[in-house]
Amino acid sequence: MHTETKKRLKRTHTCGDLQAQHEGQEVVLMGWVHRRRDHGGLIFIDLRDRYGLTQIVFNPQESEDMHELASTLGTEYVIAVKGIVRPRPEGMVNPNMQTGEIEVLAKDLKVLNPSKTPPFLIDDDSGAKEDLQLKYRYLDLRRPPLQQAILCRHKVYQAVRGFLDNDGFIEIETPILMKSTPEGARDYLVPSRNFKGKFYALPQSPQTYKQILMISGFDKYYQIAKCFRDEDLRADRQPEFTQIDIEMSFVEPEDIFDMVERMMVYIFKEVLGRAIDRPFPRLSYDEAMAQYGTDRPDIRFDMPLIDISHVARRCDFRVFTQVLEGGGHIKGIKVSGGASLSRKQIDALAEEMKPFGAKGLSTIKRSDTGIDSSLAKFFSQEDLEEIVRTFDAQPGDVCLIVADQPHIVASSLSFLRTKLAQERGLIPENAFQHCWITQFPLLEYDEDRDRYVAAHHPFTAPRQEDIELLATQPEKAKAKAYDLVLNGHEIAGGSIRIHTSEIQNRMFRALGIDEHEAKEKFGFLLDAFEYGAPPHGGIAFGFDRLVMILAGKTSIRDVIAFPKTTSASSLMDDSPSKVSEEQLKELGLCLRPEIG
RNA sequence: GGGGCCGUAGUGUAGCCUGGUUUAACACACUGGCCUGUCAAGCCAGAGAUCGCCGGUUCAAAUCCGGUCGGCCCCGCCA
């Protein structure tokens, strides 16, 4: 035991540290065996930790025993090496390595822990399929790209906390076990043992708590909060995710915009060392929908949606005229140089637009000699020319046109716009373009539930001038709500809140929530409003999405240490899983017979 | 709830459309041997797969059909 202690090695440097200046120093490195190159005589080991790689050389002349031991090292063994830093021989410098000027001549080797052969290569690209990566997430997380992503996430946490603290915000935690509320996403439920038959819900967001904190006088609050929504997943949606949740008292939207823009400038500077321009451009919801067909437009490239209804009204194409009579839209986008797209390619695009409801895709190509269009027989030459002018199409361009209900035209063309921009390389690399979307509708009509639902959430304030519309034409009311969009991703959304129980009750009435139900579900908030609620508003960031964009990833799974699959399971720890009969009994639960 | 793509040695792919001369191929990893300047080390040899699972069609299924499970992408959904 005593000799063990004496011989124990203490790490002096990391695998990313050593340079020519360390020549001659005795160092101790610890890490994972990244690769072994065994020449029978000399053995080279690339030793890896999260800081980098360092080449270790084992020479049998130093110690036969040590050399023997080095020859048994396998990939991912954890070892400690004591050795002397020396410059690499003439011509052996590796300029691709951070530590490529030097190597460590091993004097002592200890195997701290052997490793089974890993199921995939620990490298920039392991080549393994994603389910295998998720099962062995602890190995996947050793890969440099994921380590960098997690490090980026750390930097964003620190930047956010640093900025908000400096700006006078107070970090306050709110409960994870809370009351289930109607409206919004499906809740994750937690059964109560003390109150059998009753349930907590995990927060979809800390919305009601942060409003109550405003009433408590914490006029500048923030929290980096875990949120939970039991809905179907996407590349940028996980069942549990993280928000930067912010709320302020005595503010108007301008105050929020100013604070958020300063924070984004700070984050980009701290995390990427980049300067970004502000103020961020603003578009109203209606403008965004008209120009881009989406409320989260990617404005790194142009390609706006162009309305040609005024010309289409005069054509003989019944599909078009019927769409217009039914209140539909006829719009299109111009693809510069797109006249070279083949019939087959266009058909493929049309096929991809079908899930959005688009039934057809019409084309108008402009060449040097004239206009070639699938609509030629329905339009006069003059009208075709007018359409081409409306699009400002040059020879070699093609205009792709959809006629349908407004929401179908918008979503399918928005998809097409992004898709073509990606395929044709129109999106500038390494560009970051924010924009604000403002003046969202307050309410939307829900066909299934046969009533209005809150477009944002039921605490969102209507514009002052629209309050009367709540009782008369609710769909026309606009909200003091705003989203922050970055490169086509919604990264934050917020609003000025209702702060009087009088307006809040009018809102509930518009939503078809009667007084009894309102009291039952949100009574605590309505009560709180009676005791001097300050005007307030705020915003919440999708933290994972923000980090995803900053880290240059295309899925938030890449910036979450332990993400779930698209079916919300965790392949590493195999959750969700069954629980024992005793556990169920304790909670007063039994499973429906068909579940077993 | 719906649509699309994928599932073949430890890993990634080919083979599948057009069923049988395929003893299921290739690369990486792995095992053994040789090797003192490699850094994706090299050379030689070797082991490793009832083709996700269940059923059907057929003389014959990795291959065709139906179902099912899992992963990814999308529509709906996500206040």
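The structure presented is a predicted model; accordingly, all values stated were derived computationally and were not measured. The basis for the numbers below is simple: all heavy atoms, side chains too, and nothing from hydrogens, waters or symmetry mates.
The CG atom of A/D123 sits 17 Å away from the C1' atom of B/rG10 (whole-angstrom rounding). When the P atom of B/rG4 is taken as reference, atom CZ of A/F415 falls 15 Å away, rounded to whole Å. B/rC73 atom P lies 14 Å from atom CD of A/Q422, rounded to whole Å. A/L121 places its CG atom 12 Å from the C1' atom of B/rG10, with the value rounded to the nearest Å.
Comparing A/A185 and A/K564 against RNA chain B, the residue whose closest nucleotide sits nearer the 5' end is A/K564.
Distance check on atom P: B/rU50 versus B/rG4 gives 30 Å, rounded to whole Å. Separation of the P atoms belonging to B/rA9 and B/rA25 is 13 Å when rounded to the nearest angstrom. Nucleotides B/rC75 and B/rA47, compared at atom C1', are 48 Å apart to the nearest Å. For the P atoms, the distance linking B/rG46 with B/rC28 amounts to 16 Å, nearest Å. Going from the C1' atom of B/rU68 to that of B/rC74 covers 22 Å, rounded to whole Å. When the C1' atom is compared between B/rG48 and B/rC30, the two are found 9 Å apart, to the nearest whole Å. For the P atoms, the distance linking B/rC5 with B/rA45 amounts to 42 Å, nearest Å. For B/rA62 and B/rG20, the C1' atoms lie 13 Å apart once the distance is rounded to whole Å.
For B/rG10, neither phosphate oxygen OP1 nor OP2 lies less than 4.0 angstrom from any side-chain nitrogen or oxygen of A/K129. In this structure, A/T117 does not reach the B/rG10 phosphate: none of its side-chain N or O atoms is under 4.0 Å from OP1 or OP2. The side chain of A/T75 places an N or O atom within less than 4.0 Å of a non-bridging phosphate oxygen (OP1 or OP2) of B/rC30.
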_At under 4.0 Å between heavy atoms, how does the protein contact nucleotides 35-40 of chain B? Give one character per nucleotide, 5' to 3', with B, S or -._
BBBBBS
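Contact annotation: side chain of A/D232 to base of B/rG76, donor-acceptor pair present below 3.5 Å.
Of the candidates A/K116, A/H34, A/R142, A/R142 is the only one forming a side-chain hydrogen bond (donor to acceptor under 3.5 Å, both in side chains) with A/E76.
In this structure the side chain of A/P119 reaches within 4.5 angstrom of the side chain of A/L139, judged on heavy atoms.
Between the side chains of A/S205 and A/Q243, no donor N or O sits under 3.5 Å from an acceptor N or O. Looking only at atom types and distance, the side chain of A/R497 has a donor-acceptor partner in the side chain of A/H457 under 3.5 Å away. Looking only at atom types and distance, the side chain of A/E515 has no donor-acceptor partner in the side chain of A/N505 under 3.5 Å away. With no hydrogens or angles considered, a side-chain donor-acceptor pair links A/Q439 and A/R463 at under 3.5 Å.
Residue A/R37 places its CZ atom among more than 12 non-hydrogen atoms of other residues, nucleotides or ligands, all under 6.0 Å distant.
Taking a 4.0 Å limit (strictly below) on heavy-atom distances, residues 499-515 of chain A does not reach RNA chain B anywhere. Looking at residues 348-358 of chain A, you'll see A/P355, A/F356 sit with a heavy atom under 4.0 Å from some atom of RNA chain B.
Between B/rC73, B/rG76, B/rG71, one nucleotide has an atom nearer to the side chain of A/S555 than all others, and that is B/rC73.
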